[in-house]
Protein chains: 2
Amino acid sequence: MKKITINSVASYAGVSKKTVSRVLNNEPNVSDVTREKVLKAFKELDYTPNPIARGLARNRSFIIACLYDNPSKSYITRLQSGALEACHEHGFNLLIHPCELRSQALLDNIEQLLQTSRVDGLVLTPPFSDHGELVAFLRQKKVPFARVASVKLDDESISVRSNDEQGAFEITELLIELGHKDIAFIKGHPDHSATEQRFNGYRRALAEHGIEYQEHLVEEGNFSYHSGADSAETILHLDPRPTAVFASNDYMAAAVLKAATQMDLKVPDDIAIAGFDNAPIARHIWPGLTTIAQPVEEMTRLAVEHLIEQINQGDNGDEEQQKEPLQITLEAKLICRESTAAPKS
Amino acid sequence: MKKITINSVASYAGVSKKTVSRVLNNEPNVSDVTREKVLKAFKELDYTPNPIARGLARNRSFIIACLYDNPSKSYITRLQSGALEACHEHGFNLLIHPCELRSQALLDNIEQLLQTSRVDGLVLTPPFSDHGELVAFLRQKKVPFARVASVKLDDESISVRSNDEQGAFEITELLIELGHKDIAFIKGHPDHSATEQRFNGYRRALAEHGIEYQEHLVEEGNFSYHSGADSAETILHLDPRPTAVFASNDYMAAAVLKAATQMDLKVPDDIAIAGFDNAPIARHIWPGLTTIAQPVEEMTRLAVEHLIEQINQGDNGDEEQQKEPLQITLEAKLICRESTAAPKS
DNA sequence: CTGAAAGCGCTTACAG
DNA sequence: CTGAAAGCGCTTACAG
C-alpha cells in the first residue's frame, strides 16, 4: 500500500508531474490525448491530490471558518448546515469557531485562529456580522470574509440577509388585523442588528395602522429564554394587560407562553403571542407559535458560495478585476400557528 | 510586512533552522542559552509556525473531524463544544461532518473526507459510535478514532459513555415510588445503542419493584418529536390509560405533553411524563420535564482528549507501546421538574 | 503543447 | 549540543 503521489501518476502516465498538475487544475495547454492518459492514471491508481501539499505550494488551506456567538442551538446548526453545503460543493471543509463577542481578547483570538488554521476565509454570523472593529481588522489583514444577516450594507463586502424589518412588520400587522391594539414588544439583544430591525418593523406597522406607540409596552430582552421570562413577568402584570405580545424571537415568546399558562391565561383568547425565527420550539410547544421563518441555511449557503468565489478569484491573480459588491436580501415568511387565533373582539 | 518563517527566526537568532525546529517542538538537546535566544526571536518577530508546512513534513493536519447524524440540534451543539474545548487546548482545530447513517455511500463519503481533509483523527458520535462496518473500515485504514456514547465496549479503542441504563432505571424508579404502576414507555431510534440501554433500565426498575412488564404499554419511537406525537396518540387512548409515560428523550416527551394538554389532561395529576437528555426544551415548556442530564460536553471532551493523545503518541514512533484500552463511563443525573409531581394516590 | 528546476515552510534522518 | 542536506507533495515561474 504505497502512497500514491503526483509522481506515481506522472510515471504511470509517462508524462512530467507538471503535466499531471495541469490536468489536476484544469489548466489549458494540454493535448486531449495527454489529458486522457493522465485522467486514466488517476482512475487506475485511485489518486487524490494531497490538499496539504497543495496548500503549502499555493498558500491555501481549502478551509473556511464559521464564527458565531449565539445562544440558539438550532440557529447555529442551521448556519452550519448551509455553510457546509456550499463548502462541500467546492471542495472546501468547514471549521467552526464559537467565540465571545464581548471578550476583550476577541481580535487576538481571531488572529490566533488565522495563524493556527490558515483558513482561506471567514463567515461572520450575527452578532459578528456587524462588528465594525472585526471587519476592519479582517480588511486590513486582507482576509476574505462574508457576512450573514448583516444590516449595515456597505459596498465593500459580501453580505446576505433576510428582511427582518418586513417580517416584523407583517407579524405586527397580523396582530392588528386580528383586532389587537395593545401589543407588547420584547426586544432582542442590543448587539444584534436584527434587534433594531425587528423593532422598526413593529413600529412601522403600528404607525401605518394609526395605532399609537406606547413605550411602556416595550421590554428589553436579549433573545434568551430567561430574558423572555423576565419581560413576561412585567408585561403580564400590566394594568390594563396588553392583549398581545410580540417577542423578538421564539425562545422569549415561549417564555411568555409559559408564564401566561402558569397564570391561567388562555392563549390566544386572553393573550395572543408571536415570536420570530421559527425555531423548533415554535412547533414543539402548545399552542404552537405564530412566527417568522428565515431562510438561514440558504443565507449562509449563498454567503459561503460567494466567499469561495472571491477566494478562488484572488487566487487567479485577477486582483485587478473589480469585485463587485454583493448584497443579497432574501424574503422571510410568516407562519401562523395557534398562539394567535381569532381575537376575542 | 514580509512573511516570518523559520528561516527569518533562524537568521535573527543566529542559529540553524534545525535548532529553531527543535525549540518549536520542545525537543531536548538544546542548550539553555540557545533556547532562550530562539524564544526571544519568536517573540520579537511575532512568529507562528505554519501548520500547513508542518503538516506536509510530518504528514499531519492538526485537524479532527466530528461525525454525526442526529436530529437534536442541542445535542449536536453540545458535542461540538466539548470537542472544540479539547481541540483548542492541544492546538487542534475541529471540522464538522454530518452524514447519513443509512446512506449507501457512507464509507465512500468518509473515505472522501479522509482524502480531502487529511484529518488526524475522527470522533464518532451516536449513531456512528456503534457502527461496526465503519469502525472496521477505520481500523483497517489505521485512522485514529474515538467513540462517544458507545455501548459495545470492546478493548481496542477509546470510548466514553454515560450510564444510560442506570439513568433510565432511576427515572422509572422515581415514577414507581410516586405510586405509578402502569408506566408507558416510548423507545428511541433502533440504530442508537442508547435506545436499548434506556429500555433495559426501564425494565430492570419494573422487575426490581415487582411490577409486571406490559408489552402493550411500549411504543416504538425514533427520538423525533413527530414519533413522540404518534406514540402519544396511541398511549393516551389506551383503556385504561397509563398514569405515567417515560419517553426515551425529551423531544418525544414534549410531544406527549402537548398531546395530553390538547386532550385537557392535567400533567402530572392525570398523567405524569418523563423524558431523557435534559434538552433545552425540557425546561422551556410548561410543566417542565423530569429528565436525565448527561454530561455530553464532558464525554466528548474526554474522547477527543484521549484521541489526540493517541495521535501524538503514534507520532513519536512509540508504535510498540501498548495503547491501553480506554473506556470511561460517566454518571447521568436525575433532574426532577413539574411533569412528575406527587401522584394522585 | 510539454518539462526541468526551484520553491512553499517545515521535519527527518544523518553527521559531527 | 548543533547543523547541512534531503525530502514531504504539490505549484510557480521560466524555457523550449
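Naming: A, B, ... by sequence-line order, numbering from 1 per chain. Only heavy atoms go into these numbers, but all of them, side chains included; no hydrogens, no water, no symmetry mates.
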Pair Asp69(A)-Arg102(A), salt bridge (Lys or Arg N to Asp or Glu O under 4.0 Å): steps then yes or no: CA-CA 10 Å; Asp69(A) 173 17; Arg102(A) 294 296 197 173; over 6 Å; no
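Just one of Leu124(B), Val148(B), Leu106(B) meets the side chain to side chain contact (heavy atoms under 4.5 Å, CB included) condition when paired with Leu67(B); it is Leu124(B). A side chain to side chain contact (heavy atoms under 4.5 Å, CB included) with Arg147(A) is found for exactly one of Thr125(A), Val135(A), Leu307(A), Leu122(A), namely Val135(A).
One interatomic measurement links the two molecules: CD1 of Ile52(A) to C1' of dT11(D), which rounds to 16 Å at whole-angstrom precision. Following rounding to the nearest Å, Ile6(A) (CD1) and dA4(C) (P) show an atom-to-atom distance of 13 Å. Between the C1' atom of dT11(C) and the CG atom of Leu24(B) lies a distance of 10 Å, rounded to the nearest Å. For the pair Arg54(B) CZ and dT11(C) C1', the interatomic distance rounds to 10 Å; values are reported in whole Å. Nucleotide dG9(D) holds its C1' atom 17 Å from the CZ atom of Arg60(A), rounded to whole Å. As a whole-Å value, the separation of Asn29(A) CG from dT12(D) P is 14 Å. As rounded to whole Å, 12 Å separates atom P of dG9(D) from atom CG of Leu56(A). Atom pair Asn59(A):CG and dC10(D):P shows a separation of 17 Å (rounding to whole Å applied).
The side chain of Thr5(B) lies closest to dC10(C), out of dT2(D), dC10(C), dG9(D). Nearest to the side chain of Ala57(B), among dC1(D), dT11(D), dC10(C), sits dC10(C). Comparing atom distances between the Ala53(B) side chain and each of dC1(D), dC8(D), dC10(C) picks out dC10(C) as nearest. Of the candidate nucleotides dG3(D), dT11(C), dT11(D), dG3(D) has the atom nearest to the side chain of Arg22(B). Taking the side chain of Val30(A) as heavy atoms from C-beta on, and the options dT2(C), dC10(D), dT12(C), the nearest nucleotide is dT2(C). Nearest to the side chain of Thr34(A), among dC1(C), dC10(C), dG9(D), sits dC1(C).
Using a 4.0 Å heavy-atom criterion, one finds that Pro28(B) contacts no nucleic acid atom at all. Residue contacts for Asn25(A): at a heavy-atom cut-off of 4.0 Å it reaches the sugar-phosphate backbone alone, with no base atom in range. Using a 4.0 Å heavy-atom criterion, one finds that Asn50(A) contacts the sugar-phosphate atoms exclusively.
Residues of residues 11-21 of chain A that place a heavy atom closer than 4.0 Å to DNA chain C, in numerical order, are Val15(A), Ser16(A), Lys18(A), Thr19(A).
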Structure string for DNA chain C in dot-bracket form, Watson-Crick and G-U at under 3.5 Å, | interchain: |||.||||||||.|||
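Of the inter-residue distances, the one linking Glu305(B) atom CD with Ile158(B) atom CD1 reads 10.5 Å to the nearest 0.5 angstrom. For the atom pair CG of Asn29(A) and CZ of Arg22(A), the computed distance is 7.0 Å after rounding to the nearest 0.5 Å.
Ring pair His88(B)/His97(A) is tilted by interplanar angle, where 30° to 60° counts as tilted.
The environment of Glu27(B) atom CD is dense: over 12 non-hydrogen atoms of other residues, nucleotides or ligands sit within 6.0 angstrom.
Without hydrogens or angle criteria, Thr34(A) side chain to Val30(A) main chain gives no donor-acceptor distance under 3.5 Å.
Between Phe62(A) and Gly91(A), the shortest heavy-atom distance links the atoms CB-O, 4.1 Å.
Residues Cys87(B) and Asn93(B) have side chains not in contact (no heavy-atom distance under 4.5 Å, counting atoms from C-beta outward).
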